[in-house]
Protein chains: 2
Amino acid sequence: MALNVRTLCLAILSMRDATGYEIRKLVTEGAFSHFIAASYGAIYPALAQLLTDRLVTMREEEQTGKPARKVYSITAAGQRALADALATLPGRDIYKSEFLLQMMFADRLPARQLAAIYDAYIAMQEAELAQLQEESRNMPQTPGACFVRDYGRLMLTTVLDFLKARRDRLLDECARAAQSENEEEAS
Amino acid sequence: MALNVRTLCLAILSMRDATGYEIRKLVTEGAFSHFIAASYGAIYPALAQLLTDRLVTMREEEQTGKPARKVYSITAAGQRALADALATLPGRDIYKSEFLLQMMFADRLPARQLAAIYDAYIAMQEAELAQLQEESRNMPQTPGACFVRDYGRLMLTTVLDFLKARRDRLLDECARAAQSENEEEAS
DNA sequence: CCTCACATGTAATGAGTTACATGATTGG
DNA sequence: CCAATCATGTAACTCATTACATGTGAGG
């Protein structure tokens with residue numbers, strides 16, 4: 001079985017108790033955000049499912065005003081299910097990059113736009129690196145977490161170096177390619 | 001509109017005419033395979049849609065025995081639609097890594113299994129790099145294609161260096177963590 | 001005053017995967 | 001003789017996203 005939101009919730013709950021809201025935060029802004037995604041519409045039903053399967057338990061904490069927090073904890077059965085799921089994951093990555101597709105056709109894009117897309121991507125990666133740095137401070141120091149953090153840091157700095165080094169060359173080559181294409185059309 | 005199979009087909013057809021079968025090969029084994037995925041069940045309907053929208057044309061080439069090849073070509077309207085789609089892509093990457101999730105919980109995995117997962121992943125990345133190298137030879141030499149190829153090469157070699165350098169350290173740390181956890185349980 | 005953060009959840013919708021169905025030719 | 005390659009396509013199904021629905025308290 002491939003990675004799904006249920007397994008993801010189980011994994012997070014194995015580190016600490018959490019509410020659906022907190023899980024979403026971890027997944028969108030926390031240590032997991034760099035290699036995983038999940039929305040409310042997936043997380044809440046997943047937690048409900050885990051509860052009926054008795055892989056987690058839930059306690060409600062009343063609050064004034066806000067709806068009661070539903071804090072989930074993993075059970076022993078959940079720990080076993082997680083270990084099992086982790087072990088049987090096919091372990092293949094899914095990488096979909098709109099940016100690389102755009103770059104593949106860089107010479108078809110108007111020069112102005114290409115530069116804009118490129119710089120926006122650099123900014124995105126830089127933001128991601130900054131966030132990773134931020135997270136590193138209040139992150140559990142398990143060997144796995146450190147490994148993943150270092151992995152992310154290396155990848156991001158490598159990408160950024162490459163992007164910055166190659167920027168002008170790419171823009172230049174694309175300008176030339178567009179020019180020679182125009183000449184061909186004219187002839 | 002985010003990246004979908006229709007846009008992907010259009011993009012490939014803008015480089016050269018192709019059949020659905022050929023598009024799938026490009027996407028699973030070719031230059032696009034490193035940052036995109038699509039199955040028959042998505043490609044054939046996408047081509048049919050593009051045809052009714054007149055963004056591509058189709059000619060059948062009869063063959064003895066096999067079903068007729070349906071060779072698709074992009075139209076002028078298709079070129080425009082592609083340029084438009086490429087320009088308006090949000091340009092965000094989707095990266096889902098089961099491997100990194102597994103690594104996040106490396107100390108929970110049996111040592112034997114962790115090593116197996118790790119080495120299998122290295123082998124996978126190595127295969128991917130070899131394939132990229134292979135492709136490079138009969139690849140179009142546009143600035144975009146070269147950029148993407150160099151990008152992929154750099155990322156893969158960087159990952160591989162990291163994975164190989166960190167292997168023994170990770171295994172060691174996880175063994176220690178597992179040991180101290182056992183001691184805690186015993187006390 | 002308005003927006004953000006907190007906090008839960010559902011329903012409609014979309015997009016693509018998996019598995020099936022069919023069938024000839026070629027190479028080991 | 002068996003597996004792989006070529007070649008098209010459909011239907012059932014899974015999975016998750018988006019948008020909606022609801023409501024308070026705090027801070028600028």
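Convention: sequence-line order gives letters A, B, ...; per-chain numbering from 1.
- Distance alone, capped at 3.5 Å, is enough to place a donor-acceptor pair between the B/Q102 side chain and the A/L86 backbone.
- For B/E61 (side chain) and B/R69 (main-chain N/O), no donor-acceptor pair under 3.5 Å exists by modelled atom type.
- Applying the side-chain hydrogen bond (donor to acceptor under 3.5 Å, both in side chains) definition to pairs two or more places apart or across chains, those involving residues 29-40 of chain B are B/H34-B/E128, B/H34-B/E135.
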Considering only nitrogen or oxygen atoms on both sides, find all protein atoms under 3.5 Å from nucleotides 18-20 of chain C and state each distance.
none

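- Counting any heavy atom pair closer than 4.0 Å across all strands shown, B/A68 reaches sugar-phosphate atoms only and no base atom.
- Listed pair B/Y21 / D/dT8 fails the phosphate criterion, with no side-chain N or O lying under 4.0 Å from OP1 or OP2.
- A/S97 contributes no side-chain N or O that, together with a main-chain N or O of B/F35, makes up a donor-acceptor pair within less than 3.5 Å.
- With sequence neighbours left out, the side chain to side chain donor-acceptor pair (under 3.5 Å) criterion links B/R6 to no other residue.
- The salt bridge (charged side-chain N to carboxylate O under 4.0 Å, His left out) search around B/R92 returns none, not counting sequence neighbours.
- Each of B/K25 and A/V5 was matched to the nucleotide of DNA chain D holding its nearest heavy atom; the match closer to the 5' end belongs to B/K25.
- Residue B/T19 places none of its side-chain N or O atoms closer than 4.0 Å to OP1 or OP2 of D/dC6.
- Across its full length, the helix from C/dC1-D/dG28 to C/dG28-D/dC1 shows an angle of 50° between the axes of its 5 terminal pairs at either end, rounded to 10 degrees.
- Residues passing the side chain to side chain donor-acceptor pair (under 3.5 Å) test with A/S14, sequence neighbours excluded: B/R108.
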